[in-house]
Every structure is written in structure tokens, then in C-alpha cells.
Amino acid sequence: MHDVIVEHLVDLDILATRLRPVVEEWRSQAEVGPLTWRDERAPWPRPIVPVRAAVEVPESLGIRLRRDPDDEIEVVVWTGGWADVGCVLDGGVTNLSPEFQDVDGAYAVVVNSVADFLA
């Protein structure tokens, strides 16, 4: 089940290259964690690591921003072409788009921009 390899629609190395200059701008407004990677070929459970060289085939690329202990956003982009976004504002999970709901009843958080989060 965990050996399923998805079609690579997003080049995560290119995404990381494009994010690096923007991340430096974000650092003036928030605490920004390192880019994190998950290896498609690693054994399960696949570890999440901050070093690209430790990953043979990137499966995901993530980043976390925090303004204070109560405001945080995490974005993970998957090579298959989707992203997971988690957002906590004022210490609570924020439902920014209630029309998006998965089969378990959990809400997907849709964020238009990091600037909106930092505002």
C-alpha cells in the first residue's frame, strides 16, 4: 500500500529554488522553518528531513511559518500536484473555506497567499 508511486507533476527542486528568495523576505515578518523533504523511496514511515541531499526522490516539500505561538501556517506540496495546508490562528484551527470538506469531516484550509497570513 505504501509503495504506490504517484505521477510527478511538480518538480519540487524547482519549487524550492523559487521559494528560497521569497522565504528570505518572509523572515522579516515571521519565524520561518527550513524547507523539509520526504523521500518517495524511503521505507515506511517515511521521515521528513531538512536536507535535500538526504532524499533520493522527493515526494513532498514543506515549510512552516509562525508569527507567535498562536499563529502558524504549514504548507506541504506533493509531487503529485496537490498541497496540504494547515493553519492555526489565535490558537485554534481556522476553517478558511468551509465548502471544502473531506470524507472524514475534516476541513481543508485554502490560503490565497502567505501575505494574507502575515497581515
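Keep in mind it's a predicted model, so treat the numbers as computed, not measured.
Here CD of E40 is found 10.5 Å from CH2 of W78. Values are rounded to the nearest 0.5 Å. Taken from CG in L61 to OG1 in T36, the straight-line distance is 6.5 Å, to the nearest 0.5 Å. Atoms CG and OG1, on L35 and T17 in that order, are 9.5 Å from each other to the nearest 0.5 Å. Distance check: R38 CZ to I48 CD1 gives 6.5 Å after rounding to the nearest 0.5 Å.
For the pair V85 and I73, the minimum side-chain heavy-atom distance is below 4.5 Å. The shortest distance between side-chain heavy atoms of L65 and W26 falls below 4.5 Å. Two residues are said to be in side-chain contact when any heavy atoms from C-beta on lie closer than 4.5 Å; V57 and H8 meet this criterion.
Here D13 pairs with R52 in a salt bridge; the nearest charged N to carboxylate O distance falls below 4.0 Å. Using a cutoff of 4.0 Å between basic side-chain nitrogens and carboxylate oxygens, R67 and E31 are not scored as salt-bridged.
Of all heavy-atom pairs between R46 and D39, the closest is CD-O, 3.1 Å. Across G80 and L9, no two heavy atoms sit closer than the pair O-CD1, 3.1 Å. Of all the heavy atoms in R27 and V32, the pair that sits closest is NH1-O, 2.9 Å.
Other residues, nucleotides and ligands place no more than 12 heavy atoms under 6.0 Å from the CZ atom of R18.
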Let me see the working for V51 and W37 under side chain to side chain contact (heavy atoms under 4.5 Å, CB included), right down to the final yes or no. CA-CA 7 Å; V51 178; W37 303 85; over 6 Å; no
One pair to check against side chain to side chain contact (heavy atoms under 4.5 Å, CB included): V77 and V10. What are the steps and the verdict?
CA-CA 8 Å; V77 178; V10 177; 4.2 Å; yes
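No side-chain donor-acceptor contact under 3.5 Å links R66 to the backbone of D71.
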